[in-house]
Amino acid sequence: MCGIVGYAGEEEAVRVLLKGLKNLEYRGYDSSGVAIADGTHLFLEKKAGRIENLERAIDPNAAKGTCGIGHTRWATHGAATDENAHPFFSRYAKFAVVHNGIITNYLALARFLGERGVFLTSDTDSEVVAHLIDYYYTGDVLSATLRAVKDLNGSFALGVVSVYEKDVVYGVRKDSPLVIGRGKKGNFICSDLSGISEDCEDFYTLANGEIVRLTPREIRLFGFDGKERSFSFEKTSGLDLAKKTEGAESFMLSEIREVPTSLAMTIESYPEEEMKRLLSGKIGRFCLIGCGSAYHAALLFQAAMRELCGVRTEAYVASEFLTERWDPSGDPLVIAVSQSGETADTLQAVRKAKSGGAKVLCVCNVRASSLVRLCDAALITRCGVERAVAATKTYAAQAIHLLRLALTYAEISGKMKNEELALYKKELALLPEKAQEAIELEGYLSDVCLRVRDAEAVFFLGRNADYYAAKEGSLKLKEISYVYSEAYPSGELKHGTLALMEKGVYAFMISTNPALHEKNASSVAEVKARGAGAIAVTNESAAGLFNADYAIAIPDCPFVFSPVITCIPMQFFSYFTAKYRGCDTDKPRNLAKSVTVE
Ligand code: F6R
């Protein structure tokens, strides 16, 4: 987890690093820090809490220099305190190090250092790296870093500065992402491009086992064997930094409002011929992998393939996929879904599938990500950068790519009649427009949330694809507002959970399949009979069937497509509930947007 940035250039490094850290804050915001190397000594400031705390603590007269490293942390080892914040100094402040990843053998390394009289000042796994580099230093920083890296197990992207070399930053990568950026006013390392893309014209993504040495004028790349490597840059032009829309008070709100545009751009970019070629290959089964919202999007492919093509698929939470004995036989096509393309569990699951010989397609929002590079083919969602921690527009865009893919499979496998297929394709093309209609519900959802914001718990209910949509609605609410929430298949309610229905609790019913409205309406009635409140999201044509306290009508569409639309009122519901409960909707507690540790 965490975000790291490094700079060697002509500008004041502290300003550049703080800007980079603010862009990277979505990777973690438990603490942040910078180390500036002025050629003779290292300046260090680090603070628990948000970057504003760090900014306030920095003495601009002391933080002089045009070369440095910075870090924003999502705590894994050790609480979110000043002491556990990065960068870490080695003894006598000769080296400063920032780290993203987990050093799994840090206890053994701490013992090794302790036996040599070097003791840690923090509870982190990261601090050992600074001390090891110092321990191995005999006059050459590159060699010392390479030697230290040999001792490290686990995953790491590192940034290193020292008092020994003026204007030099090192970046190291093994299993945690790191890019190099080249700009007009200096060179950078960064966890991902969103941290530095405004100031860089070219970038290169480090491969595992590479180390870069940056100065303001020179970038040299080496393997862990110490041999210099050649590499070429790619252009950063066209990379899109999310900006808050006019008048929006948070990234999350503006990103919900961007759902229709993201859907339209994503459909337009669907590479139909490439997907036809891919799906015409030998495919015996489909297996999907993802985490959180991306997993919920994967479930929508499962529903679509089952309902539209009569084909059963397997969808896995990536971390669970890693625990199972997975059988790669039967020509599986594995589809990995991830907004960032950097989620460690997903990447590991893909590696496992590939090592079994499976072909892997990914659905991803970041073309320059580790996942896209790892996979055989990619469907890129066109959402621009998503800055709020909660996935909103990217979930909808993943869903629309996957639904389109299911239709392509229906077409080439002959699982659907031509007329029916044409109808579904037409309906899919209408989704951005229908999503825009759902955006108009913002004001109503805000009013609903003013009334239900004190709910003790909210149970999201649905059947089939609506149940999968409910899972996403529930995740969104708990992660943003901290209201206790679960998703249940509506029919399962009476098998236990009805016991929790009482005053102060709400059921949030999603019912978009006309064949299931009556059953779902009965579930709402059962909930209300026990004193709980009810909110129902239904098709316009079903309005009036549900005796809910609050009724939300979305435009009619084929029910396996409806999660693309129902997600919008649910996202507004989470957003406004969180807002009225005084929560930070862009940066919820205990979370980070990119989960780059397993
Ligand atoms: C929820 C959310 C997370 C992510 C999950 C996977 O709103 O954002 O559940 O969906 O951490 O992240 P990606 O999609 O980057 O692999």
Side-chain angles (χ1 to χ4, degrees), residues 1 3 24 26-29 74 176-177 191-192 194 242 250-253 255-256 259 262 288-301 315-322 335-350 360 362-372 374-375 378-381 383 385-399 401-402 460 468-469 471-482 485 487 563 567-568 570-575 577-578 583-598:
M1 221 84 142
L24 289 177
Y26 71 89
R27 299 178 69 94
Y29 33 81
W74 183 82
S176 289
S191 294
D192 67 56
S194 66
S250 82
F251 279 114
M252 184 176 173
L253 183 59
E255 286 162 3
I256 300 170
V259 169
S262 301
L288 287 102
I289 293 167
C291 301
S293 300
Y295 166 69
H296 296 154
L299 288 173
L300 303 180
F301 182 77
Y316 289 92
V317 168
S319 54
E320 283 297 295
F321 181 81
L322 290 169
I335 305 175
V337 187
S338 171
Q339 178 280 128
S340 62
E342 302 298 347
T343 301
D345 289 332
T346 308
L347 290 171
Q348 266 312 93
V350 168
V360 187
C362 67
V363 179
C364 189
N365 197 42
V366 184
R367 188 179 286 284
S369 62
S370 306
L371 182 64
V372 172
L374 195 60
C375 291
L379 277 172
I380 305 294
T381 49
C383 304
V385 175
E386 189 176 63
R387 299 294 283 275
V389 163
T392 52
K393 57 181 179 174
T394 55
Y395 164 79
Q398 286 162 354
H401 254 344
L402 287 165
F460 286 77
Y468 299 154
K471 287 171 87 75
E472 173 60 9
S474 170
L475 172 64
K476 207 95 310 173
L477 184 69
K478 58 192 151 210
E479 71 172 321
I480 295 298
S481 71
Y482 324 136
S485 174
C567 69
I568 295 171
M570 286 193 281
Q571 289 168 0
F572 281 136
F573 183 74
S574 308
Y575 172 78
T577 304
C583 306
D584 183 335
T585 53
D586 283 344
K587 296 185 187 107
R589 71 185 181 203
N590 300 340
L591 296 180
K593 188 149 186 73
S594 274
V595 187
T596 57
V597 291
E598 270 185 57

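Below, all heavy atoms of this structure are taken into account, side chains as well, without hydrogens, waters or symmetry copies. Read the numbers this way: they start at 1 and go in the same order the structure lists the ligands and their atoms.
- Considering only non-hydrogen protein atoms, atom 2 (C) of ligand 1 sits nearest to S293 OG, 3.7 Å.
- Of all the heavy atoms in C567 and A396, the pair that sits closest is SG-CB, 4.1 Å.
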Task: Working for side-chain hydrogen bond (donor to acceptor under 3.5 Å, both in side chains), residues K476 and S293 - done: CA-CA 8 Å; K476 207 95 310 173; S293 300; 3.1 Å; yes
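- When hydrogens are left out, the protein atom nearest atom 15 (O) of ligand 1 is S340 OG, 2.6 Å; that is the closest non-hydrogen contact.
- Not one N or O of T346 is nearer than 3.5 Å to an N or O of ligand 1, by distance alone.
- Of the protein's non-hydrogen atoms, T343 OG1, 3.4 Å is the one closest to atom 12 (O) of ligand 1.
- Residues meeting the salt bridge (charged side-chain N to carboxylate O under 4.0 Å, His left out) test with K478, sequence neighbours left out: none.
- Between T346 and C291, the closest side-chain pair of non-hydrogen atoms falls below 4.5 Å.
- At least one donor-acceptor pair closer than 3.5 Å links the side chain of E342 to the backbone N or O of S370.
- For ligand 1, one of its N or O atoms has an N or O atom of V389 under 3.5 Å away.
- Using a 4.5 Å heavy-atom cutoff, the side chains of V389 and M252 are not in contact.
- Distances between N or O atoms of E472 and those of ligand 1 include no value under 3.5 Å.
- What sits closest to atom 11 (O) of ligand 1 on the protein, heavy atoms only, is V595 CG2, 4.0 Å.
- Checked by distance only, ligand 1 and A391 come closer than 3.5 Å through their nitrogen or oxygen atoms.
- Judged by distance alone, the side chain of E255 and the main-chain N or O of R387 form a donor-acceptor pair under 3.5 Å.
- Every ring pair (Phe, Tyr, Trp, His ring centres under 6.0 Å) that F460 has, sequence neighbours left out, goes to F508.
- For ligand 1, the atoms closer than 4.0 angstrom to any heavy atom of A294 are 10 (O), 14 (O).
- Judged by distance alone, the side chain of Y29 and the main-chain N or O of P588 form a donor-acceptor pair under 3.5 Å.
- If you look at E479 next to ligand 1, the close heavy atoms, those under 4.0 Å, all belong to the side chain.
- The protein non-hydrogen atom at the shortest distance from atom 6 (C) of ligand 1 is C291 O, 3.3 Å.
- Distances between N or O atoms of Q339 and those of ligand 1 include at least one value under 3.5 Å.
- Atoms of ligand 1 found under 4.0 Å from any heavy atom of K476 (numbered from 1 in listed order, with element): 1 (C), 7 (O).
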